[in-house]
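This report concerns only the one structure given below.
Since this is a predicted model, take the numbers as computed values, not measurements.
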Amino acid sequence: MQALGRHLLCEYHGCDRALLNDAEAIRTALVAAVTKSGATPLHEVVHAFSPHGVTGVIVIAESHFAIHTWPEYGFAAVDLFTCGTTVDPYLAFEHLKRALRAQTHSVVEIRRGLMPGSAPLPHKPG
């Protein structure tokens with residue numbers, strides 16, 4: 001079976017709490033993760049919540065990267081969803097682990113859009 005996409009569900013614990021509450025730092029880390037993975041950024045939205053927490057989404061030509069932070073718990077949840085074969089979401093996962101200064105982390109990969117056969121699957125153009 002081939003998959004149309006790869007979806008990494010990432011958790012980062014023991015992160016720098018001040019950084020998790022800094023919308024610009026989160027934006028910078030997410031943009032760098034996109035670049036390091038080889039993805040093509042299209043649009044970005046980052047929102048700071050009151051009294052704390054940040055959500056950021058970058059729409060990429062290959063799907064999307066999203067982050068949700070809970071500074072009060074030192075925790076961040078990240079989705080790295082990519083389609084095609086040109087992007088390596090694990091490079092983004094590793095970058096965010098360092099950028100967020102995570103003490104522990106985990107990742108689960110879900111193959112999305114499973115299709116029968118072994119022939120290469122065409123993807124949307126960038």
Side-chain angles (χ1 to χ4, degrees):
M1 299 284 277
Q2 293 214 29
L4 293 174
R6 301 165 72 186
H7 196 164
L8 302 189
L9 304 177
C10 314
E11 295 200 349
Y12 301 95
H13 291 272
C15 299
D16 180 313
R17 292 174 183 230
L19 190 144
L20 291 181
N21 207 38
D22 182 335
E24 183 55 28
I26 294 299
R27 187 195 74 74
T28 298
L30 201 53
V31 167
V34 167
T35 301
K36 289 180 184 297
S37 73
T40 307
L42 298 177
H43 303 283
E44 64 182 65
V45 175
V46 177
H47 178 79
F49 292 93
S50 179
H52 41 247
V54 175
T55 290
V57 178
I58 298 186
V59 175
I60 58 177
E62 303 82 5
S63 196
H64 70 273
F65 286 5
I67 186 169
H68 311 281
T69 74
W70 286 262
E72 67 275 31
Y73 301 112
F75 174 73
V78 175
D79 290 356
L80 305 171
F81 189 2
T82 64
C83 297
T85 58
T86 61
V87 176
D88 185 347
Y90 284 96
L91 294 175
F93 169 74
E94 291 295 327
H95 170 74
L96 290 170
K97 176 176 68 174
R98 290 186 300 276
L100 301 175
R101 300 185 192 124
Q103 299 299 309
T104 62
H105 54 278
S106 65
V107 62
V108 173
E109 180 175 341
I110 300 171
R111 295 173 61 214
R112 307 292 302 267
L114 291 177
M115 301 290 176
S118 58
L121 296 170
H123 293 278
K124 297 176 188 175

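Around atom CZ of F49, more than 12 heavy atoms belonging to other residues, nucleotides or ligands sit under 6.0 Å away.
Residues L30 and Y90 are members of one and the same hydrophobic cluster, defined by side-chain heavy-atom contacts under 4.5 angstrom among Ile, Leu, Val, Met, Phe, Trp and Tyr. Note on V78 and V107: same hydrophobic cluster, where clusters join Ile, Leu, Val, Met, Phe, Trp and Tyr whose side-chain heavy atoms are under 4.5 Å apart, directly or indirectly. One hydrophobic cluster holds both I67 and V46 under the rule that ILVMFWY side chains link at heavy-atom gaps under 4.5 Å. A continuous path of hydrophobic side-chain contacts links V31 to F93 [ILVMFWY only; heavy atoms under 4.5 Å].
Put simply, CG on L8 and OG1 on T82 are 6.5 Å apart, with the number rounded to the nearest 0.5 Å. One distance of note links OG of S63 with CZ of R112; it measures 8.5 Å at 0.5 Å rounding. Note that NZ of K97 and NE2 of H105 are 4.0 Å apart. Values are rounded to the nearest 0.5 Å.
Heavy-atom minimum distance, P41 versus A39: CD-O, 3.5 Å. Between A32 and H95, the shortest heavy-atom distance links the atoms CB-NE2, 3.4 Å. Of all heavy-atom pairs between L4 and M115, the closest is CD1-CE, 3.5 Å. Listed here is the closest heavy atom pair of L96 and A33: CG-CB, 3.9 Å. Closest non-hydrogen pair, P71 versus N21, comes out as CG-OD1, 3.6 Å. Among all heavy-atom pairs drawn from A77 and W70, the shortest one is CB-CZ3, 3.9 Å.
Pairs of residues two or more places apart, or lying in two chains, that qualify as salt bridge (charged side-chain N to carboxylate O under 4.0 Å, His left out) and include a residue from residues 24-48 are E24-R27, R27-E44.
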Item to complete: May I have the step-by-step check of side chain to side chain contact (heavy atoms under 4.5 Å, CB included) for T69 and L100, ending in yes or no?
Response: CA-CA 10 Å; T69 74; L100 301 175; 5.8 Å; no
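Ring geometry, H64 versus F81: the interplanar angle exceeds 60°, so the pair is classed perpendicular (tilted spans 30 to 60°).
Formation of a donor-acceptor pair under 3.5 Å by the R17 side chain with backbone atoms of E72 is found in this model. Looking only at distances, no side-chain donor or acceptor of D79 sits under 3.5 Å from a matching main-chain atom of F65.
Counting only heavy atoms from C-beta outward, the side chains of C10 and L80 approach each other to under 4.5 Å. Within the 4.5 Å cutoff, side-chain heavy atoms of L19 are placed close to those of I26. Between I60 and L42, the closest side-chain pair of non-hydrogen atoms is not below 4.5 Å. Side-chain contact between Y73 and L20 is absent, with no heavy atoms from C-beta onward closer than 4.5 Å. By the 4.5 Å heavy-atom criterion applied to side chains, V54 and D22 are not counted as neighbours.
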